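Below: one structure, written as structure tokens.
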Amino acid sequence: MDKSVLQRRGPCKWELPAGESRRVPVVIFATEELLEEMDQKVLEQASNVASLPGIQKASFAMPDAHWGYGFPIGGVAAFDPEEGGVVSAGGVGFDISCGVRTLLTGLKKKDLLPKAEILADKLFEVIPAGVGSRGKIRLSPKEMDQMLLGGARWAVEQGWGRPEDLERIEEKGCMPGACPDAVSPEAKKRQEAEMGTLGSGNHYLEVQEVAEIYDPEIAKKFGLELGDIVVSIHCGSRGLGHQIGTDFLKKMVSAAASYGIQLPERELACAPLQSPLGREYLGAMRAGINCALANRQILTHLARKAFEEIFPGVELVLLYDVSHNTCKEEVHEINGKKKRVFVHRKGATRALGPGHPDLPKDLREAGQPVLIGGSMGTHSYILVGTDTSEELAFSSAIHGAGRAMSRHQATKLWKGREIIRELAERGILVRSVSERGVAEEAPKAYKDVSLVVEAAHRAGLAKKVARLDPLICVKG
DNA sequence: ATGTGC
């Protein structure tokens, strides 16, 4: 990125002032090094977002930001409905409520290693993965609507989990305000057999080791010790979320003119929060959030079954579940005034600081666990929300590394089989339905997640707690 | 990300 137009506001904070068509400044959080590597498109896209009606405070880009559809991935933007604020399908992303959850197992690495191969095989057997993968669950139209209304709470009621899991999920596992009627029949049809499936791309289920602890006090509160084995699941709302995105993008493109919104480009398609289309999208998107929460809950149930077979009596306890593709109604202090705004986080994680009332009681003092998924064969991180992130970026932080090259480029450079062998030599067992998928997800096809974590930590967006290293990776 | 796109 050409940083000559930016003003430095701190060691990890850069600003493009409001002006031209920008109603608010663009704020990029990054080290100088990450900023220089960042795609110029991030600044263009964040600047376009800054021109949308009703935007509050600033158009933000996180240290892991990269070029996305309309809004940058790693973008955060809040809109006030009273000031003509908008909601945008491209501002949420196609994989609605894609996110990460991490489960504690109580096992140590030495317990796991003798059974790692057999556990990898078992997990791969019970977790359907890959493009278009189908699970064992079939939802009738009535059940589909109940799932879209109830999220992970619905899944637990069906027997796929425990009530205490819900305490450790945003919105207690059920996003209010979902409207199944706003979800197209086609979207529902695509999801009929996809509950409890992992999908493809960078979605995974990993068995990981707590490899380093940076904040012993918080780690203890999270139940994390060095050498502990944890399970992380990264996936989203599958075909349903994707179809909702597709459907509403189309609707928002054709409606923008009728709402008198000047779009700097078509991909920024949006609708006023107070318009019928805006409300309809919010209802559908919230249903998509519930679909993702239910999906991760069912995958958790499947992982528990696999673990029970290999390690009888072992209990998988949910540490936390975060979403990183959402638009949520929240109260934030803006210019000294508490306001009700709609915060788009696209490839950005909510990161509530210590004491926030929305946190479960036993985590409130510590702050929200912020789960940062790595890519296959690389580190993942657990961070915690800070006191400063509310003021900095509506309590938001990074979500992961982000790609460094295209899928196509990656498949030219590597063969899946070789990647699997190299990872096995490093003690990482990969199970995947697609060798090409493995090549596309090669560790070096991604940016170094450690650098973006360091930048988020230094910027004050979230604080480092622990690093996780993969041992088993189940992929699509 | 996606019943992948060129």
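This structure is a prediction, so every number in the text was calculated from the model and none was measured. Note on naming: letters A, B, ... go to the chains in the order of the sequence lines (proteins, then strands), and numbering restarts at 1 for each one.
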Please tabulate, for the side chains in residues 367-375 of chain A, all donor-acceptor contacts under 3.5 angstrom to protein atoms that are two or more places apart in sequence or on a different chain.
from   : atom 1 : to     : atom 2 : distance (Å)
A:Q368 : OE1    : A:R350 : NE     : 3.0
A:Q368 : OE1    : A:R350 : NH2    : 3.4
A:Q368 : OE1    : A:L352 : N      : 3.2
A:Q368 : NE2    : A:R350 : O      : 2.6
A:S375 : OG     : A:T378 : OG1    : 3.3

**Complete:** Here the distance between atom P of B:dT2 and atom CD1 of A:I96, to the nearest Å, is 12 Å
**Item:** Spacing between A:R403 atom CZ and B:dT2 atom C1', to the nearest angstrom
**Value:** 14 Å
**Message:** Can you measure A:K412 atom NZ to B:dG5 atom P for me and round it to whole angstrom units?
**Reply:** 19 Å
**Message:** Over all strands shown, is A:S200 touching base, sugar-phosphate only, or nothing at heavy-atom distances under 4.0 angstrom?
**Reply:** base
**Request:** Could you check how far NZ of A:K250 sits from P of B:dT2, rounded to whole Å?
**Result:** 18 Å
**Request:** Report yes if the distance between the aromatic ring centroids of A:H234 and A:H324 is under 6.0 Å, otherwise no.
**Result:** yes
**Message:** Heavy atoms only, 4.0 Å cut-off, all strands: where does A:E192 land among base, sugar-phosphate and nothing?
**Reply:** nothing
**Item:** salt_bridge(A:R407, A:E441) N-O dist < 4.0 Å
**Value:** yes
**Request:** Remember a base hit wins even if backbone is also touched, and classify A:H408 as base, sugar-phosphate or nothing at under 4.0 Å, heavy atoms.
**Result:** nothing
**Message:** Can you measure A:Q191 atom CD to B:dT2 atom P for me and round it to whole angstrom units?
**Reply:** 10 Å
**Asked** Does anything in residues 238-248 of chain A reach DNA chain B, meaning a heavy atom under 4.0 Å, and if so which residues?
**Response** A:R238, A:G239, A:H242
**Request:** Mind checking ring-ring contact (aromatic ring centres under 6.0 Å, His included) for A:W154 and listing every partner two or more places apart, or none if nothing turns up?
**Result:** A:W160
**Message:** Please check: side-chain N/O of A:N325 versus main-chain N/O of A:D95, any donor-acceptor pairing under 3.5 Å?
**Reply:** yes
**Message:** If I compare all heavy atoms of A:G476 with all of A:S432, which pair ends up nearest, and what's the gap?
**Reply:** O-OG, 2.9 Å
**Prompt:** Rounding to a whole Å, what distance do you find between A:H234:NE2 and B:dT2:P?
**Reply:** 10 Å
**Asked** Given A:H344, which of A:F71, A:F394, A:Y281 fulfils the ring pair (Phe, Tyr, Trp, His ring centres under 6.0 Å) condition?
**Response** A:F71
**Item:** Nucleotide B:dG5, atom P - distance to CD of A:Q409 in whole Å
**Value:** 19 Å
**Request:** Would you mind reading off the distance between A:L198 atom CG and B:dT2 atom P, rounded to a whole angstrom?
**Result:** 9 Å
